[in-house]
Colleague: 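Structure incoming, see below.
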Amino acid sequence: MADDSRKAVVLLSGGLDSATVLAIARARGFVCHALSFDYGQRHRLELQAAGRVAASLGAAEHVVFPLALSRFGGSALTDGAIEVPKDRDESAMSAEIPVTYVPARNTVFLSVAMAWAEAIGASDLFVGVNAVDYSGYPDCRPEFLEAFRRTANLATKAGVEGSVGDDGPWRIHAPLVEMSKAEIIREGRRLGVDYDLTWSCYDPTPTGEPCGRCDSCVLRARGFAEADAS
């Protein structure tokens with residue numbers, strides 16, 4: 001059972017990774033405050049999925065924070081003029097930082113999560129980044145997460161009053177960072193995640209179905225195939 005004094009803010013996109021992280025945080029005894037962002041992404045299906053996942057996994061609260069990153073563009077996820085890549089193999093996915101990278105997204109998201117956590121007296125942040133399957137995003141690396149932890153301890157009242165230097169109270173949990181997609185799915189199933197509630201597709205069809213061809217759809221399908229085969 002969760003201890004009411006152990007609060008955590010969990011970034012929840014509505015995808016299978018963040019759903020698994022929410023389940024992990026709950027299993028570790030945290031009272032989970034789920035945070036999603038309406039940042040001008042191509043569709044709202046992932047936000048609907050986030051709401052379903054938060055309810056299913058017993059989040060104490062689910063906040064959808066408006067943040068118009070689409071005002072800046074620069075990504076296929078926030079700019080309709082940039083096409084989402086389709087039908088790529090793994091080597092093409094990992095060849096360079098993809099156009100689905102949203103400039104500074106995880107830095108911004110973690111900063112908002114940190115602000116909310118400090119306001120509610122929490123010092124634990126959970127994020128579903130992964131650096132094994134398709135590690136093209138620079139803000140999914142362990143080095144970035146450690147740098148952000150140090151920043152949090154230097155830039156907040158909680159960090160300054162709770163420590164000297166960068167060895168403060170803030171903890172950034174990224175339990176999936178070294179797991180394959182199949183390993184993530186197996187762990188989520190063990191913890192009772194209903195993946196039918198989640199959404200992964202970057203570019204759904206006009207009728208609201210997954211395209212099955214974008215990088216996220218391809219990796220999701222491969223992950224389930226490998227998880228079921230093992």
Colleague: Between V127 and V21, does the side-chain contact (heavy atoms from CB on, under 4.5 Å) criterion hold? Intermediate values first, please.
Modeller: CA-CA 7 Å; V127 59; V21 167; over 6 Å; no
Colleague: Would you call I120 and V9 a side-chain contact if the rule is heavy atoms closer than 4.5 Å?
Modeller: yes
Colleague: Between C201 and C211, what is the shortest heavy-atom contact and its length?
Modeller: SG-N, 3.2 Å
Colleague: Are the side chain of S216 and the backbone N or O of S200 linked by a donor-acceptor pair below 3.5 Å?
Modeller: yes
Colleague: Cluster question for you: counting only ILVMFWY and a side-chain heavy-atom cut-off of under 4.5 Å, with indirect links fine, are V112 and W170 together?
Modeller: yes
Colleague: Between F224 and Y195, how do the two ring planes meet: parallel, tilted or perpendicular, split at 30° and 60°?
Modeller: perpendicular
Colleague: For F148, enumerate each residue passing the ring pair (Phe, Tyr, Trp, His ring centres under 6.0 Å) test, keeping only those at least two apart in sequence or located in another chain.
Modeller: none
Colleague: Once rounded to the nearest 0.5 Å, what's the spacing between atom CZ of R186 and atom OG1 of T20?
Modeller: 12.0 Å
Colleague: Quick check: closest heavy atoms across P142 and V177, and the distance to 0.1 Å?
Modeller: CG-CG2, 3.9 Å
Colleague: Is the shortest side-chain heavy-atom distance between W116 and F65 below 4.5 Å?
Modeller: no
Colleague: Taking all non-hydrogen atoms of both residues, which atom of G223 and which atom of I185 are closest, and how far apart?
Modeller: C-CD1, 3.5 Å
Colleague: Give me the ring orientation class for W199 and H43: parallel if the planes are under 30° apart, tilted from 30 to 60°, perpendicular past 60°.
Modeller: perpendicular
Colleague: For a quick test of reading the model, state the closest non-hydrogen atom pair linking V218 to G212 and the distance between them.
Modeller: CG2-O, 4.3 Å
Colleague: Excluding sequence neighbours, so at least two apart, what forms ring pair (Phe, Tyr, Trp, His ring centres under 6.0 Å) with H62?
Modeller: none
Colleague: Can you list every salt bridge (charged side-chain N to carboxylate O under 4.0 Å, His left out) pair that touches residues 111-131, not counting sequence neighbours?
Modeller: D124-R171
Colleague: Could you report the tightest heavy-atom contact between A54 and L22, atom names first, then the distance?
Modeller: CA-CD2, 4.1 Å
Colleague: What pairs of residues pass the salt bridge (charged side-chain N to carboxylate O under 4.0 Å, His left out) test when at least one of them lies in residues 40-62, not counting sequence neighbours?
Modeller: D38-R44, R42-D203
Colleague: Is any side-chain heavy atom of P169 closer than 4.5 Å to one of N153?
Modeller: yes
Colleague: Going only through I, L, V, M, F, W and Y residues with side-chain contacts under 4.5 Å, is there a path from V53 to L47?
Modeller: no
Colleague: What residue pairs, at least two apart or across chains, pass ring pair (Phe, Tyr, Trp, His ring centres under 6.0 Å) with a residue in residues 66-86?
Modeller: none
Colleague: Start with the C-alpha gap between T107 and F144, add the side-chain angles, then the distance that decides, and say whether side-chain contact (heavy atoms from CB on, under 4.5 Å) holds.
Modeller: CA-CA 9 Å; T107 305; F144 162 71; 3.3 Å; yes
Colleague: Assigning hydrophobic clusters by single linkage (Ile, Leu, Val, Met, Phe, Trp, Tyr; side-chain heavy-atom cutoff under 4.5 Å), is L77 placed with V64?
Modeller: no
Colleague: Taking the side chain from S36 and the backbone from L12, do they hold a donor-acceptor pair closer than 3.5 Å?
Modeller: yes
Colleague: Assigning hydrophobic clusters by single linkage (Ile, Leu, Val, Met, Phe, Trp, Tyr; side-chain heavy-atom cutoff under 4.5 Å), is Y39 placed with V108?
Modeller: yes
Colleague: So which atom in A113 and which in L35 form the shortest heavy-atom distance, rounded to 0.1 Å?
Modeller: CA-CD2, 3.7 Å
Colleague: Hey, are the side chains of I24 and L176 touching, using non-hydrogen atoms and a 4.5 Å cut-off?
Modeller: yes
Colleague: Test: side-chain hydrogen bond (donor to acceptor under 3.5 Å, both in side chains). Region: residues 71-84. Which pairs qualify, not counting sequence neighbours?
Modeller: none
Colleague: Do V10 and S18 have side chains that approach each other closer than 4.5 Å (heavy atoms only, starting at C-beta)?
Modeller: no
Colleague: Once rounded to the nearest 0.5 Å, what's the spacing between atom NZ of K181 and atom CD of E226?
Modeller: 11.0 Å
Colleague: Counting only N and O atoms by type, is there a donor-acceptor contact under 3.5 Å from the side chain of R28 to the main-chain atoms of A25?
Modeller: no
Colleague: Any heavy-atom pair between the side chains of R88 and P98 that's under 4.5 Å?
Modeller: yes
Colleague: Is the shortest heavy-atom distance from the side chain of L16 to the side chain of V193 under 4.5 Å?
Modeller: no
Colleague: What distance do L125 atom CG and I172 atom CD1 have between them, rounded to the nearest 0.5 Å?
Modeller: 4.0 Å
Colleague: What distance separates C32 SG from R6 CZ, expressed to the nearest 0.5 Å?
Modeller: 10.0 Å
Colleague: Flag the pair P138 / Y101 as yes when at least one side-chain heavy-atom distance between them is below 4.5 Å, and no otherwise.
Modeller: yes
Colleague: Please determine if R105 and D139 form a salt bridge, counting it only when a charged side-chain N lies under 4.0 Å from a carboxylate O.
Modeller: no
Colleague: From R26 CZ over to L57 CG, what is the distance, rounded to the nearest 0.5 angstrom?
Modeller: 5.0 Å
Colleague: Is there a continuous path of hydrophobic side-chain contacts, each under 4.5 Å between heavy atoms, that joins V84 to L45?
Modeller: no
Colleague: When rounded to the nearest 0.5 angstrom, what is the spacing between CG in D17 and CZ in R220?
Modeller: 9.5 Å
